[in-house]
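Notes follow the structure.
Note that this is a predicted model, so its numbers are computed, not measured. Every chain is numbered from 1, with letters handed out A, B, ... down the list of sequences. Because only heavy atoms are used, hydrogens play no part in the values below, and waters and symmetry mates are left out as well, while side chains stay in.
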Protein chains: 2
Amino acid sequence: MKLTVEDILDAAQSLVDEEGLGGLNMRAIARRLDVQGSALYWHIHNRSELLTMLANLYYQRAFDLVPANLDWPEWLRTYGRAFHTELLAHRDAAQICGLARPASRSVAKGLDRLAAPLLSAGLTRTQALACQSSVIALAVGWAMYEQSPHMKSHLARALDIPGSFLQGLDAMVTGLAGTVLPANRKTPGRRKG
Amino acid sequence: MKLTVEDILDAAQSLVDEEGLGGLNMRAIARRLDVQGSALYWHIHNRSELLTMLANLYYQRAFDLVPANLDWPEWLRTYGRAFHTELLAHRDAAQICGLARPASRSVAKGLDRLAAPLLSAGLTRTQALACQSSVIALAVGWAMYEQSPHMKSHLARALDIPGSFLQGLDAMVTGLAGTVLPANRKTPGRRKG
DNA sequence: ACCTGAACACCGTTCAAGT
DNA sequence: ACCTGAACACCGTTCAAGT
């Protein structure tokens, strides 16, 4: 019966899905949970922290969808597609990623967790994070335009939006695979764990 | 002496540069121009239109920096670098691009103007817009993270941020050059106009 | 035509007070 | 510990009224 952070996140996300980020205010969230707006502040610090938590869910859910036993370029491609799909599944998700201040310590752990599959494939930490970051940047950038209603309808008239994103992603990952490990194009493949 | 839209844009941009997007409110802009907040509404429709005009300046200024006589992959690469640099020159510019609703007609003209150098190099309109969009998405996505203070300081500890963006951009453009026009890798080169 | 002054509805956040 | 109720400071926007 008691209010939890998960309740707040659920209410916030469904509110954004229905009314957009502009409709996300503390009183409206509270109304859905049958409490006063001020009650939320017992469970979260402020609205910005709430956005941060929402954004972290997007990264997390995409990560959980990607099998661990892919070679690294294929892992990157698959994560990029999954993250992009996850963003498009939630209205204004790309904007939320942009507004999110990284969570206190979860940013350090999160980034490294994201990069782990690339590390175990033999990339250095720097290489892994660089590739990972470019893939995330491409997905969030595309989603940002796809989630702007006017921009999307205009782009949709001129090009195949999902196809164009995939083309860009494939091009980038292929290019990275050629430059990051030029001497090690074929990775050893699946490994347990 | 009279207030102009340019005055408002200048004041808005310098306010954002100094205090961030959070500090951009209509009354603060007006204060810098020695008018009341309500005076701004004679010249612009609302705050959202103001953000849209700021964003369009970023696209525009980057475009103006790129020479027209490059072959199309080099043109794309150069535009991507210029746009990314322009975004980083203005605090929270990537977020502003995300919040901007495309201007009434300037979006149609703007996109096609952006794509013109690619069209004259022999790409179809669809191909040109797809490549252009992926480059813009990558730049805006990277800038979004680079302009989040916490995220940036954390990324900076683990990788070379400007280098990683350039690596991603180069990889993508090279990949696009290989897939978009596989039979026409060498463009005919400079053309008058 | 262009701007002021005052107002309206709304928002994030705080905090004493309740249970 | 957890929530209410009221308040504070602030915001975008409107509009009658001035010049």
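- Judged as a side-chain hydrogen bond (donor to acceptor under 3.5 Å, both in side chains), the pairs with a partner in residues 26-35 of chain B (not counting sequence neighbours) are, in order, B/S14-B/R32, B/E18-B/R32.
- The residue A/L24 sits close only to the backbone: its heavy atoms come under 4.0 Å of sugar-phosphate atoms, none of a base.
- The NE2 atom of B/H43 sits 9 Å away from the C1' atom of C/dA1 (whole-angstrom rounding).
- Both distances falling under 3.5 Å, in either a Watson-Crick or a G-U wobble arrangement, place D/dA1 opposite C/dT19.
- Toward the 5′ end of DNA chain C lies the nearest nucleotide of B/S38, the other residue of the pair B/S38 and A/H45 mapping further downstream.
- When both pairing distances are held under 3.5 Å, D/dC11 makes no Watson-Crick or G-U pair with any nucleotide shown.
- Rounded to whole Å, the distance from CD on A/E49 to P on C/dG12 is 15 Å.
- Atom-to-atom, CZ of A/R31 to P of D/dT4 comes out at 14 Å; the value is rounded to the nearest Å.
- Counting to the nearest Å, the P atom of C/dC11 and the CD1 atom of A/I29 are 11 Å from each other.
- For A/N25, a side-chain nitrogen or oxygen approaches OP1 or OP2 of C/dC11 to under 4.0 Å.
- Each of C/dT13, D/dT4, C/dC3 was ranked by its minimum atom distance to the side chain of A/N46; first place goes to C/dT13.
- With C/dC3, D/dA1, D/dT4 as the choices, the nucleotide that has an atom nearest any side-chain atom of A/W42 turns out to be D/dA1.
- Ring centroid separation for the pair A/F83 and A/Y59 comes in under the 6.0 Å cut-off.
- Remark: C1' of C/dC10 and CE of B/M26 are 16 Å apart, rounded to the nearest angstrom.
- Residue-level contact check: B/L50 touches neither bases nor backbone, having no heavy atom under 4.0 Å from any strand.
- At whole-Å resolution of the value, CD in B/Q36 and C1' in D/dT19 are 15 Å apart.
- A straight line from CZ of B/R27 to C1' of C/dG5 spans 12 Å, rounded to a whole angstrom.
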For A/R91 and A/Q147: C-alpha separation, side-chain torsions, deciding distance, then whether side chain to side chain contact (heavy atoms under 4.5 Å, CB included) applies. CA-CA 7 Å; A/R91 189 163 161 190; A/Q147 292 182 325; 5.7 Å; no
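- Taking 4.5 Å as the limit, every side-chain heavy atom of B/R81 sits out of range of all side-chain heavy atoms of B/V66.
- For the pair B/Y41 OH and D/dG12 P, the interatomic distance rounds to 6 Å; values are reported in whole Å.
- Taking the side chain as every heavy atom from C-beta outward, A/K152 and A/Y145 never approach each other to under 4.5 Å.
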